There are 2 protein chains.
Amino acid sequence: MHQQAIGATPPLVAMDGIFKALADPTRRDVLERLSRKSASVSELAEPYRMAMPSFLQHLKMLENCGLVRSSKAGRVRTYELTAEPLKLAEDWLGRQRRLWERRLDQLDDYLLTMKDGGDPP
Amino acid sequence: MHQQAIGATPPLVAMDGIFKALADPTRRDVLERLSRKSASVSELAEPYRMAMPSFLQHLKMLENCGLVRSSKAGRVRTYELTAEPLKLAEDWLGRQRRLWERRLDQLDDYLLTMKDGGDPP
DNA sequence: AATATACTGAGGTAAATACCTAAGTATTGG
DNA sequence: CCAATACTTAGGTATTTACCTCAGTATATT
């Protein structure tokens with residue numbers, strides 16, 4: 001209900017989904033495990049005390065935002081990682097943190113200036 | 001009421017909140033603007049077509065997970081950034097992406113091996 | 001063919017999100 | 001003091017999330 005024109009910056013809506021996907025420990029754990037080895041649904045589900053359909057919802061969220069991809073062979077569905085989306089998120093964070101640190105440095109400077117009796121802007 | 005012993009890995013619960021906070025374009029935008037300049041509630045709220053109480057909820061989420069901090073002087077509450085939490089998220093993503101890329105390289109190798117007629121593990 | 005395996009789908013509950021309006025409470029300026 | 005300003009609180013709705021159970025359906029396996 002609130003799309004917006006996408007310019008030079010990363011697609012906003014995509015990032016929503018990615019960060020949302022990362023906001024759950026089970027899903028982060030699944031990603032971590034997939035980064036070591038592709039795996040079937042039941043292999044992935046095994047460690048968690050959760051009914052299969054509940055777990056499947058997590059996998060669907062990961063797949064919907066493009067962080068993983070799956071294919072079915074016989075009765076087994078195998079999940080694997082995708083590369084780009086995570087990079088999107090990381091880029092945003094990196095850019096952000098740089099601004100951040102600059103900002104905090106400015107605060108330091110400001111405080112120092114005050115201490116030296118200077119007149120801050 | 002639920003801190004947890006911090007070991008080598010980042011506190012899981014904290015990351016939930018941080019990623020959840022980042023999963024909304026308004027909140028990401030607020031962070032971006034705060035990284036340029038601390039600001040009052042109404043300054044922050046101004047660009048968005050949203051009732052004040054709705055917007056306040058976003059600020060509270062950012063504050064609850066520690067990404068920002070606020071203080072009140074007279075009737076004006078001013079918000080500013082905090083440094084550490086974002087780093088937490090970025091570290092996780094970075095670590096993750098490295099595994100990720102390694103994994104994707106392995107896949108490449110695997111495919112090459114197959115093409116060369118080698119017998120993959 | 002019968003049973004087990006590996007998912008899938010339908011549907012249901014509780015809590016959290018993302019908005020809203022309407023009515024407060026402090027502060028400040030005239 | 002009175003009104004405007006800057007938030008705050010209370011409460012309400014629609015949607016989404018995170019679980020669940022209880023069926024299915026489509027492949028193996030025996």
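Worth saying up front: this structure is predicted, and the values here are computed from it rather than measured. Just so it is clear: chains get the letters A, B, ... in the order the sequence lines come, proteins before strands, and each one is counted from 1. Only heavy atoms go into these numbers, but all of them, side chains included; no hydrogens, no water, no symmetry mates.
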Given that A/Ala51 and B/Arg75 both sit by DNA chain D, which one's nearest nucleotide is further toward the 5' end?
B/Arg75

Tell me the interatomic distance from A/Glu46, atom CD, to C/dT5, atom P, rounded to whole angstroms.
15 Å

Can you confirm whether B/Asp16 sits close enough to A/Asp24 that some side-chain heavy atom of one is under 4.5 Å from a side-chain heavy atom of the other?
no

Plane angle bin for A/Tyr48 and A/Phe55 - parallel if under 30°, tilted between 30 and 60°, otherwise perpendicular
parallel

Taking the side chain as every heavy atom from C-beta outward, state whether B/Lys20 and A/Phe19 have any atom pair closer than 4.5 Å.
no

In whole angstroms, the gap separating C1' of C/dG24 from CE of B/Met52 amounts to 15 Å

Under 3.5 Å: donor-acceptor pair, side chain of B/Arg28, backbone of B/Leu22
yes

Measure from the side-chain N and O atoms of B/Arg27 to the backbone N and O of B/His58, and report whether any donor-acceptor pair falls under 3.5 Å.
no

Between CG of B/Asp24 and P of C/dT17 the distance, given in whole Å, is 11 Å

Would you say the side chains of A/Glu63 and A/Ser70 form a donor-acceptor pair under 3.5 Å?
yes

Between B/Thr78 and B/Ser40, is there a donor-acceptor pair closer than 3.5 Å when you use the side chain of the first and the backbone of the second?
no

Residue-level proximity of residues 55-62 of chain B to DNA chain C when a heavy atom falls under 4.0 Å:
B/Gln57, B/His58, B/Met61

Quick one: do A/Val76 and A/Met52 end up in the same hydrophobic cluster if we chain Ile, Leu, Val, Met, Phe, Trp and Tyr together by side-chain heavy atoms under 4.5 Å apart?
no

Judged by each residue's nearest nucleotide on DNA chain C, which is more toward the 5′ side, B/Gly74 or A/Val76?
A/Val76

So what does A/Ser54 hit on the nucleic acid, given a heavy-atom distance under 4.0 Å: a base, only sugar-phosphate, or nothing?
base

Positional range of nucleotides in DNA chain D within the contact set of chain A, heavy-atom, under 4.0 Å:
D/dT17 to D/dA28

Separation of atom CZ in A/Phe19 from atom C1' in C/dT17, rounded to whole Å
18 Å

